[in-house]
Amino acid sequence: MAAPFESPPARPLVYAHRGSSRRYPELTRAAFVQALADGADGVECDVHLTSDGHLVLHHDARLGRTSNGSGPVAQHTLAQLRRLDVTSWKGVRIPPSHGAAHEQLMTLDELLDLLLAADRPGGLAVETKHPSPYGQGLEEAVLALLMRRGWNPETGWLGTVLVSVMSFHPDAVRHLLDYVSPRHVCQLVSGTSLSTVRAGLGVGAVTAALCRAGVRLVVPPAVPLISRGEVEIAGPGIRYVRENPWQVEQWRRNGSVLRVWTVDTFADTHVCLALGVQQITTNVPALVRRWTAPDRAPAGGNQPRIPQVVGAA
């Protein structure tokens, strides 16, 4: 398979976080079409199971933040979700080249079709969202779909698309490792702040605090799976990277591929470059590609000047 995936790249690979989601509504066809136009090396997506067994691209467990729907995603059929408005909240016009209104909510199947139609090597990072009412049935559904499409879980390739699967939940990651090479499994790492819990579950502050406490008690730590080399892709958030640079550097020295999220500023991009991060996940892939061009890499330990564009990131 062709570069950039066969040999170490001259710059980090750039993954579009939920597509080019700074420009268009996250996880929509428009966002993924734009990511390809922006030259992203890969895209990242979040999946939930619908009540009729479809893998739909949606971040939050509940509807509302990015649509005119309400209630848990898992309690809706795909047909019901298709009828929702998933773009107006962003306040931007979707050009005809980026899909019609009824095409914006996508399934994992449809995203694979889009990436394969691009006819160039690219990456796809699939995040399974937990807690899920289906438990590890969510991972089973993802693997079944990928296998049906011809995915090789040892090499990671599905045609021209290099697929990896990831989760914040260590038990989900361990389940994936029963079927998939560790080279294509990513353990995500976050500080799990109250704001991230509230955003992910769509709940209030009190409920978020209770959920956060429950997660700390029930979910085993994610970091040991990386440190012991059980997975080969480490997925820390940029805040974790800034707070634990020596830990992140040690993972890289031990052979982990670092996939850092969500890197949207010039300064954070160059933190990643300084640490030798191999993959950057970002809402602004065109900008990060520009910032990681070989002639923009910092030299001699100089602190990079942060341009005015960062204020818009």
Side-chain angles (χ1 to χ4, degrees), residues 1-24 26-47 57 98 106 108 111-127 146 151-152 155-166 181 183-186 188 231-238 241 252 256-266 268-297 313:
M1 193 61 61
F5 295 96
E6 275 192 337
S7 56
R11 58 167 179 80
L13 298 177
V14 177
Y15 276 68
H17 182 245
R18 310 178 201 172
S20 288
S21 52
R22 177 60 55 83
R23 183 163 180 183
Y24 292 115
E26 64 183 55
L27 295 167
T28 59
R29 180 176 296 274
F32 291 117
V33 169
Q34 188 61 45
L36 293 172
D38 287 342
D41 299 299
V43 300
E44 180 266 359
C45 70
D46 311 281
V47 295
L57 307 189
H98 288 46
M106 298 187 73
L108 183 57
L111 179 57
L112 283 168
D113 288 340
L114 181 67
L115 297 177
L116 290 167
D119 199 27
R120 63 175 172 84
L124 172 61
V126 181
E127 180 187 345
L146 292 173
W151 184 54
N152 185 325
T155 68
W157 287 103
L158 195 168
T160 54
V161 181
L162 183 63
V163 182
S164 57
V165 190
M166 56 191 186
S181 167
R183 291 178 294 164
H184 312 300
V185 178
C186 174
L188 296 168
V231 297
E232 295 186 24
I233 307 176
I238 187 61
V241 171
R252 183 182 59 77
S256 292
V257 172
L258 301 176
R259 176 182 291 166
V260 179
W261 56 273
T262 302
V263 181
D264 288 348
T265 68
F266 188 82
D268 282 343
T269 298
H270 283 271
V271 167
C272 292
L273 288 175
L275 287 170
V277 168
Q278 301 99 322
Q279 298 179 10
I280 291 176
T281 305
T282 176
N283 296 313
V284 286
L287 281 177
V288 172
R289 277 182 56 86
R290 186 190 313 162
W291 293 335
T292 56
D295 61 349
R296 296 297 300 273

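Just so you know, these numbers come straight off a predicted model, no measurement behind them.
Of all heavy-atom pairs between M166 and A125, the closest is CE-CB, 3.7 Å. Annotation for T155 and L162: closest pair O-CD1, 3.6 Å, computed over non-hydrogen atoms. Scanning both residues, V163 and W151, for their nearest heavy atoms gives CB-NE1, 3.4 Å. For the residue pair T269 and W291, the shortest heavy atom distance occurs at OG1-CE3, 3.4 Å. Closest heavy-atom contact between C186 and R259: CB-NH1, 4.0 Å.
Annotation: the span from C45 atom SG to E26 atom CD amounts to 12.0 Å, rounded to 0.5 Å. Taken from CG in L116 to CG in L158, the straight-line distance is 6.0 Å, to the nearest 0.5 Å. Atom-to-atom distance recorded for L108:CG and L124:CG is 6.5 Å, nearest 0.5 angstrom. In this structure, E44 CD and Y15 OH are separated by 10.5 Å, a value rounded to the nearest 0.5 Å. Rounding to the nearest 0.5 Å places CG of L146 at 12.0 Å from NE2 of H184. Atom OG1 of T265 sits about 10.5 Å away from atom CG of L287, to the nearest 0.5 Å.
A donor-acceptor distance shorter than 3.5 angstrom exists from the side chain of D264 to the backbone of N283, with no hydrogens or angles considered. No donor-acceptor pair closer than 3.5 Å links the side chain of S20 to the backbone N or O of R23. With hydrogens and angles disregarded, a donor-acceptor distance shorter than 3.5 Å links the side chain of W261 to the backbone of G235. At distances below 3.5 Å, at least one donor-acceptor pair connects side-chain atoms of Q278 with backbone N or O atoms of L258. Remark: side-chain polar atoms of R289 are paired, donor with acceptor, to backbone N or O of G39 under 3.5 angstrom.
Only one option out of T292, V288, V260 pairs with C272 in a side-chain contact (heavy atoms from CB on, under 4.5 Å); it is V260.
The residues R11 and D41 are annotated as salt-bridged, a charged nitrogen and a carboxylate oxygen being separated by less than 4.0 angstrom.
Counting heavy atoms from C-beta on, the side chains of D46 and R18 come closer than 4.5 Å. Inter-residue side-chain proximity for V241 and V277 is flagged as unmet; no heavy-atom pair is nearer than 4.5 Å. A 4.5 Å side-chain heavy-atom check between L188 and E127 finds at least one atom pair inside the cut-off. Residues V185 and S164 are not in side-chain contact: their nearest non-hydrogen atoms beyond the backbone lie 4.5 Å or more apart. Put simply, the side chain of L27 does not reach to within 4.5 Å of the side chain of M106, judged on heavy atoms. Residues L115 and T160 form no side-chain contact, since every pair of their non-hydrogen atoms from C-beta on lies 4.5 Å or further apart. Between T282 and V14 the shortest side-chain heavy-atom distance falls below 4.5 Å. With a 4.5 Å cut-off on side-chain heavy atoms, L111 and F32 count as touching.
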